[in-house]
Amino acid sequence: MRKILKTEFFDRSSVTVAEELLGKFLVRERKIGEKKEREMYKIVETEAYEGLLDRASHASRGQTVRNAPMYGLPGTIYVYFTYGMHFMFNIVCGKKGHPAAVLIRGVESCSGPGRLTKKLGIDKRLNGKMLGKTSGLWVQWVEDRIEVRDKSYEIRKVKILRTPRIGIRYAGPIWSKKLYRFVLQSL
DNA sequence: ACGATGATGAAC
DNA sequence: TTCATCATCGTA
């Protein structure tokens with residue numbers, strides 16, 4: 001069983017979405033010559049950036065050209081360039097007009113938001129587009145069963161770690177301490 | 001532990 | 001005009 005996550009999944013608090021994205025699969029479909037190549041990566045690390053009040057968020061000082069996609073529909077792709085080196089990949093959450101997003105920081109085979117975008121070929125061309133077949137980037141849920149006895153299955157157990165977000169000390173004592181980073185620990 | 005990278009936006 | 005940033009790599 002599998003299903004592609006729709007806009008309703010992302011039409012919630014970025015903190016909820018960040019936690020629930022753990023264990024889901026980021027799918028990247030790219031054209032390599034004539035063929036379409038599809039890769040799937042299990043999401044294991046995320047961070048939430050929630051609303052205008054969140055001082056760690058790009059939206060904390062209002063709308064700008066760069067952060068405009070954060071104000072779009074849930075499921076919008078927000079890619080920005082930072083430190084003159086790296087693209088960061090975020091998924092917009094909540095209603096249109098409410099700036100919130102989840103930064104995808106790591107998948108099972110690749111840790112670090114900059115490394116991730118490099119590996120998946122995510123850059124500004126995707127900025128502002130919706131997740132889906134058209135953009136060649138989406139998230140899907142796959143039933144994660146393990147056989148425990150003959151023809152008997154159960155869902156794999158996981159542990160979720162919550163920590164403060166990375167690299168945001170500038171955000172002040174309240175927002176820099178929020179436990180908005182989620183890490184999936186496989187058991 | 002630190003410098004280079006060099007888009008974007010805020011502070012000055 | 002200068003400075004810091006939702007990193008990462010190479011060099012020390």
Side-chain angles (χ1 to χ4, degrees), chain A residues 5 9-24 26 28 39 41-131 135 137 139 160-185:
Chain A
L5 302 187
F9 179 90
F10 302 102
D11 187 11
R12 296 180 292 165
S13 155
S14 59
V15 180
T16 306
V17 174
E19 180 164 14
E20 291 194 15
L21 276 175
L22 295 180
K24 304 292 191 295
L26 187 59
R28 183 70 170 125
E39 303 161 300
Y41 302 94
K42 186 184 274 190
I43 297 168
V44 297
E45 186 180 345
T46 58
E47 276 180 4
Y49 290 85
E50 181 53 48
L52 287 163
L53 299 177
D54 182 355
R55 287 190 53 202
S57 172
H58 286 166
S60 67
R61 281 162 253 140
Q63 188 167 347
T64 65
V65 174
R66 179 176 64 165
N67 69 23
M70 291 185 78
Y71 290 76
L73 293 168
T76 298
I77 298 165
Y78 172 40
V79 177
Y80 67 90
F81 190 69
T82 194
Y83 294 111
M85 294 266 306
H86 305 291
F87 293 105
M88 300 287 122
F89 165 50
N90 301 257
I91 302 174
V92 174
C93 297
K95 300 253 180 287
K96 184 172 160 64
H98 175 254
V102 171
L103 172 65
I104 309 299
R105 291 190 58 90
V107 293
E108 214 162 37
S109 61
C110 183
S111 176
R115 287 172 166 184
L116 172 79
T117 54
K118 190 177 179 190
K119 179 167 181 164
L120 301 205
I122 294 169
D123 60 29
K124 287 215 98 162
R125 287 174 294 188
L126 288 167
N127 189 35
K129 295 189 172 168
M130 295 297 289
L131 289 173
S135 57
L137 185 62
V139 183
I160 292 170
L161 198 67
R162 280 190 78 157
T163 80
R165 292 169 289 181
I166 304 295
I168 55 141
R169 257 174 300 157
Y170 65 90
I174 295 167
W175 290 95
S176 65
K177 284 178 188 153
K178 295 255 184 211
L179 301 177
Y180 281 3
R181 173 169 172 258
F182 298 89
V183 184
L184 183 68
Q185 318 237 276

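Residue numbering restarts at 1 for every chain, and letters A, B, ... go by the order of the sequence lines. In this text the structure is predicted, and so the values were computed from the model without any measurement.
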Sub-3.5 Å pairs of nitrogen or oxygen atoms, protein against nucleotides 8-12 of chain B:
| unit_1 | atom_1 | unit_2 | atom_2 | d |
| --- | --- | --- | --- | --- |
| dT8(B) | OP1 | Lys124(A) | NZ | 2.9 |
| dG9(B) | OP1 | Thr64(A) | OG1 | 2.9 |
| dG9(B) | OP1 | Val65(A) | N | 3.3 |
| dG9(B) | OP1 | Arg66(A) | N | 2.6 |

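A donor-acceptor contact shorter than 3.5 Å is absent between the side chain of Ser135(A) and the backbone of Lys129(A). With hydrogens and angles ignored, the 3.5 Å screen pairs no side-chain donor or acceptor of Asp123(A) with any backbone N or O of Phe87(A). A distance-only check finds no donor-acceptor pair linking the side chain of Ser60(A) to the backbone of Ala56(A) [under 3.5 Å]. Side chain of Arg165(A) to main chain of Tyr180(A): no donor-acceptor pair is present (N/O by atom type, distance under 3.5 Å, no hydrogens or angles). Not a single donor-acceptor pair under 3.5 Å links the side chain of Arg55(A) to the backbone N or O of Trp175(A).
Salt bridge status for Glu50(A) with Lys178(A): absent, with no side-chain N to carboxylate O gap under 4.0 Å.
Between His58(A) and Tyr80(A), the angle of the ring planes goes over 60°, which puts this pair in the perpendicular group of the 30/60° scheme.
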| said: Output the pairing pattern of DNA chain B as a dot-bracket string, 5' first, Watson-Crick or G-U wobble with both distances under 3.5 Å, | for cross-strand pairs, [ ] for crossing pairs. | reply: |||||.|||||.
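Among the atoms of the strands shown, only primed sugar atoms or phosphate atoms (P, OP1, OP2) are found under 4.0 Å from some heavy atom of Ile168(A).
Here the nucleotide nearest the side chain of Ile166(A), chosen from dT5(B), dA7(C), dC9(C), is dA7(C).
Distances shorter than 4.0 Å separate none of the side-chain N or O atoms of Arg169(A) from OP1 or OP2 on dA4(C).
Regarding Trp175(A), its CH2 atom lies at a distance of 19 Å from the C1' atom of dT5(C), rounded to whole Å.
With both ends at atom C1', the span from dG10(C) to dA7(B) equals 22 Å, rounded to whole Å.
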